[in-house]
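Contents: one structure, followed by commentary.
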Amino acid sequence: MFSLVRSRVRTAALALSAVTALALGTTAMTGAAAAPGPAPAPAKQGPTSVAYVEVNDNSMLNVGKYTLAKGGGNVFDVAVIFAANINYDTTKKAAYLHFNENVQRVLDNAVTQIRPLQQKGIKVVLSVLGNHQGAGFANFPSQQAASAFAKQLSDTVTKYGLDGIDFDDEYAEYGNNGTGQPNASSFVHLVSALRANMPNKIISLYNIGPAASRLSYGGVDISSKFDYAWNPYYGTWQVPGIALPKSKLSPAAVEIGRTSQSTAANLARRTVSEGYGVYLTYNLNGADRSADVSAFTRELYGSDAVYTP
C-alpha cells in the first residue's frame, strides 16, 4: 500500500489559526533576509535528494544532520518547508499568502532555522498549499490577480532569504467562498510571473491537482520554467507528466519511516538505472533515521548515511 499524498490536512487545518499574511507588494527586508554564500559542500555524485519537513511537528535542521559515510557530502540537497498556504480574503475577493504559527516561526528565525542549512550548501524552499478556502493556483480570475500573488511569493523569498517556491495544488476546494473553478490560464500566468520575478531561484511542482494539468495556455508552455517536478504518491513510481528532462524529475517518492526500506531501495535503484536526476522524500523527523535513509543512499550514492544529532 502507498500513502496517498501525505498527512497534509493537519497542516492546512492549523493554518486556519494564527493568521500571518503578507500584504500585496511587501518588499521590506528583515534582519534574517540576506542568506550568506553556502560553504563548499563535499562533492557528491548522483541524483538530487529532496526532503519535505512538516514544520508543525519537526525542525528544518533535521535535514542537515545526514551526511554520506563516503566523502562526507550532504545526503539532502533541497529542504522544503511544509507548508505555507494560499488563503482567500472574502472582503477583497483575493488570494493571499498565509503562514501558520509554525511556518512563521521558521521564517522569523531564519538565522537559526534556515541559514545553517544554506551554509552547508542545502537549498531551502517554501511549499505553498491550498487551505479549503476556494483559493488555488488554478482559479485566479485574471492575469493581474495571478501576478499579484506571484509578487507575494517572490517578496517572501527575498524577505526571508529563501531559495525558491514549491507548488502543491491540494486542499484548495475550488468553488468555496464563491471562488471560480480551475481555468486554463491561471497557473500559466502565475508561474510565468513568478519566474520573471525570480529568474535564478527554484520553482518546483508537486505533481498533483488541477494546476499540474494546466501547464499551457495561449501558446505559452510553462514546463521549462520549473526546476523540478515530482511524484506525489509515496511508496510508488510515477513519472510526472511534464516536459522536463529526466535530470529534473523524481518518479520515486518515499515517506521516511512509512515506506519500507526495501521499497525505498528499489525506487532508488530504479532512479539510477533509468537515468532520473531527483529522489523525493517526505516527513523527515527528529529521530535517527539513518537506517531508512541509508536504504536509498546506498543505491543513489554508494554509501551509507551517517546521522549526527
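Count residues from 1 along the sequence.
Remark: Y217 OH is loosely packed, at most 12 non-hydrogen atoms of other residues, nucleotides or ligands lying under 6.0 Å away.
Side-chain atoms of Q104 and D108 form a donor-acceptor pair, as typed in the model, at a separation below 3.5 Å. Residues D57 and N285 have side chains that never bring a donor and an acceptor to within less than 3.5 angstrom of each other. Counted by atom type alone, Q152 and D155 present zero donor-acceptor pairs between their side chains at under 3.5 Å. No side-chain N or O of T179 forms a donor-acceptor pair with one of N177 less than 3.5 Å apart. Side-chain contact check for T259 and Y282: no donor-acceptor pair (N or O, by modelled atom type) lies under 3.5 Å.
F76 is not listed as a side-chain neighbour of V50, based on a closest heavy-atom distance of 4.5 Å or more. With contacts defined as side-chain heavy-atom distances shorter than 4.5 Å, the pair S49/V78 does not qualify.
Within the cation-pi definition used here (under 6.0 Å to the ring centroid, within 45° of the axis), K246 qualifies as a partner of Y276.
Y171 and Y88 fall into different hydrophobic clusters, defined by Ile, Leu, Val, Met, Phe, Trp and Tyr side-chain heavy atoms under 4.5 Å apart, directly or through other members. Criterion: ILVMFWY side-chain heavy atoms under 4.5 Å apart, direct or through other members. Under it, V306 and I122 are not part of a common hydrophobic cluster. Note on Y160 and L61: separate hydrophobic clusters, where clusters join Ile, Leu, Val, Met, Phe, Trp and Tyr whose side-chain heavy atoms are under 4.5 Å apart, directly or indirectly. By the rule that hydrophobic residues join a cluster once side-chain heavy atoms approach within less than 4.5 Å of another member, V293 and V272 end up as members of one cluster.
In terms of modelled atom types and a separation under 3.5 Å, the side chain of S147 and the main chain of Q144 share no donor-acceptor contact.
A perpendicular orientation is assigned to the rings of F82 and Y52, their planes being inclined by more than 60° (bins at 30° and 60°). The aromatic rings of Y206 and Y234 are tilted relative to each other, their planes meeting at an angle between 30° and 60°. Under the 30°/60° scheme for interplanar angles, the aromatic rings of F149 and F140 are found to be tilted. Note: Y228 and W230 have parallel aromatic rings, judged against thresholds of 30 and 60 degrees for the angle between ring planes.
Between Q181 and Y174, the closest heavy-atom pair is NE2-O, 3.2 Å. Contact between P245 and L249 at its shortest, heavy atoms only, is O-CG, 3.5 Å.
Ion pair D227/R195 flagged as a salt bridge, since at least one NZ, NE, NH1 or NH2 atom sits closer than 4.0 Å to an Asp/Glu carboxylate oxygen.
Residue pairs meeting the side chain to side chain donor-acceptor pair (under 3.5 Å) criterion with at least one partner in residues 291-300, sequence neighbours excluded, are Q261-D292, R269-E299, R289-D292, R298-D304.
For the ring-ring contact (aromatic ring centres under 6.0 Å, His included) test, residues two or more places apart in sequence or in another chain that qualify with F296 are Y279. Taking the side chain to side chain donor-acceptor pair (under 3.5 Å) definition, one finds that R214 meets it with nothing, sequence neighbours left out.
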